[in-house]
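Input: a single structure, listed below in structure tokens.
Only heavy atoms go into these numbers, but all of them, side chains included; no hydrogens, no water, no symmetry mates.
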Amino acid sequence: EDAWPLSTGAGVVVAVIDTGVAYKDDNRPRKRGIMMPDLEETGMVSGYDFVDDDDAPYDLHGHGTHVAGTVAQSTNNDYGVAGLAFDADIMPLRVLDGEGRGSFSDVADAIRYAADHGADVINMSLGGFFPSSEVNSAVQYASKKGGVVVAAAGHSGSNTKSYPAAFDNVIA
């Protein structure tokens with residue numbers, strides 16, 4: 001809350017590369033699940049579903065919605081939760097299926113999509129122990145375009161590097 005007088009994220013687009021986001025879209029039927037009322041006032045820009053190759057990146061798992069809420073959850077709405085940058089817009093990019101599995105190529109494509117479609121911040125709360133040259137190339141591409149790339153450092157409890165967090169130009 002102490003940072004909100006300085007910035008609430010207004011004018012910033014954050015790409016959430018994950019399992020998708022449960023959000024309201026009056027223009028199309030939902031694939032599955034319900035719209036999260038605590039994200040109802042959160043700004044959303046067009047995204048993409050790299051798993052199903054369509055423009056409806058709805059969350060079939062829940063993790064991506066959780067991440068989007070951490071970033072830009074609607075605030076002061078009596079749900080008891082506040083997003084860190086509640087005036088930021090979310091760009092939902094689905095690269096993981098309902099089981100949380102995905103491919104390096106989809107992650108790399110999503111990073112490039114975010115960089116080419118106006119994302120100021122690219123967030124990936126995902127990772128693994130194996131580096132991918134394809135993902136690294138996409139990260140460097142996004143960084144050169146001026147995007148800030150953030151990735152999970154890992155949850156293994158070991159000192160093993162997690163990727164893409166361990167790549168240059170990524171904030172872990």
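- Within 6.0 Å of CG in D53 there are more than 12 heavy atoms belonging to other residues, nucleotides or ligands.
- A heavy-atom distance below 4.5 Å is found between the side chains of L126 and V95.
- Taken together through direct or relayed side-chain contacts under 4.5 Å among Ile, Leu, Val, Met, Phe, Trp and Tyr, V107 and Y141 form parts of separate hydrophobic clusters.
- V71 and V21 fall within a single hydrophobic cluster, where Ile, Leu, Val, Met, Phe, Trp and Tyr are joined by side-chain heavy atoms under 4.5 Å apart, directly or via other members.
- Shown here for A114 and A15, the closest heavy-atom pair between the two residues is CB-CB, 3.6 Å.
- Side chains of D120 and V148 form no contact here, defined as non-hydrogen atoms less than 4.5 Å apart.
- A 4.5 Å side-chain heavy-atom check between V14 and M91 finds every atom pair outside the cut-off.
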Donor-acceptor list for residues 160-172 side chains, cut-off 3.5 Å, not counting sequence neighbours:
from: T160; atom 1: OG1; to: S158; atom 2: OG; distance (Å): 3.2
from: N169; atom 1: ND2; to: Q140; atom 2: OE1; distance (Å): 2.5

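- Within the structure, no pair that satisfies the salt bridge (Lys or Arg N to Asp or Glu O under 4.0 Å) test touches residues 62-72, not counting sequence neighbours.
- A search for side-chain contact (heavy atoms from CB on, under 4.5 Å) contacts involving S7 returns nothing, not counting sequence neighbours.
- For H61 against E99, the heavy-atom pair with the smallest separation is CD2-C, 4.0 Å.
- Between T42 and I90 there is a side-chain heavy-atom pair separated by less than 4.5 Å.
- Between L96 and G100, the shortest heavy-atom contact is CD2-O, 3.8 Å.
- Every residue two or more places apart in sequence or in another chain that forms a side-chain hydrogen bond (donor to acceptor under 3.5 Å, both in side chains) with S105 is listed here: S103.
- One hydrophobic cluster, built from ILVMFWY side chains closer than 4.5 Å, holds both V45 and M124.
- Here S137 pairs with R112 under the side-chain hydrogen bond (donor to acceptor under 3.5 Å, both in side chains) rule; sequence neighbours left out.
- In terms of the side-chain hydrogen bond (donor to acceptor under 3.5 Å, both in side chains) criterion, residue partners of H63 (sequence neighbours excluded) are, by chain and number, D18.
- Between R94 and the choices D106, D49, D55, D59, the salt bridge (charged side-chain N to carboxylate O under 4.0 Å, His left out) rule is met once, by D49.
- Listed by first and then second residue, the salt bridge (Lys or Arg N to Asp or Glu O under 4.0 Å) pairs involving residues 135-152 are D116-K145 (not counting sequence neighbours).
- Proximity of a side-chain donor or acceptor of S74 to a complementary backbone N or O of E41 within less than 3.5 Å is detected.
- Note on residues 121-130: no pairs pass salt bridge (Lys or Arg N to Asp or Glu O under 4.0 Å), not counting sequence neighbours.
- Contact of the L60 side chain with the T19 side chain is not registered, since no non-hydrogen atoms from C-beta on lie closer than 4.5 Å.
- Using a 4.5 Å heavy-atom cutoff, the side chains of L84 and Q73 are not in contact.
- A distance-only check finds a donor-acceptor pair linking the side chain of D54 to the backbone of A56 [under 3.5 Å].
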request  = Show your working on side chain to side chain contact (heavy atoms under 4.5 Å, CB included) between D89 and V12 and close with a plain yes or no.
outcome  = CA-CA 6 Å; D89 290 328; V12 175; over 6 Å; no

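- Under the side-chain hydrogen bond (donor to acceptor under 3.5 Å, both in side chains) criterion, E134 pairs with no residue at all, not counting sequence neighbours.
- Applying the side-chain contact (heavy atoms from CB on, under 4.5 Å) criterion to A142, with sequence neighbours excluded, gives I111, A115, I122, V149.
- For A10, the side-chain contact (heavy atoms from CB on, under 4.5 Å) partners at least two apart in sequence or on another chain are T8, D87.
- By the criterion of side-chain heavy atoms lying less than 4.5 angstrom apart, applied directly or through intervening Ile, Leu, Val, Met, Phe, Trp or Tyr residues, L93 is not grouped with V51; the two fall into different hydrophobic clusters.
- Among residue pairs with one or both ends in residues 85-119, those qualifying as ring-ring contact (aromatic ring centres under 6.0 Å, His included) are W4-F86, F50-Y113, Y113-H117; sequence neighbours excluded.
- Cluster membership check: Y48 shares its hydrophobic cluster with I17, using side-chain heavy-atom separations under 4.5 Å among Ile, Leu, Val, Met, Phe, Trp and Tyr.
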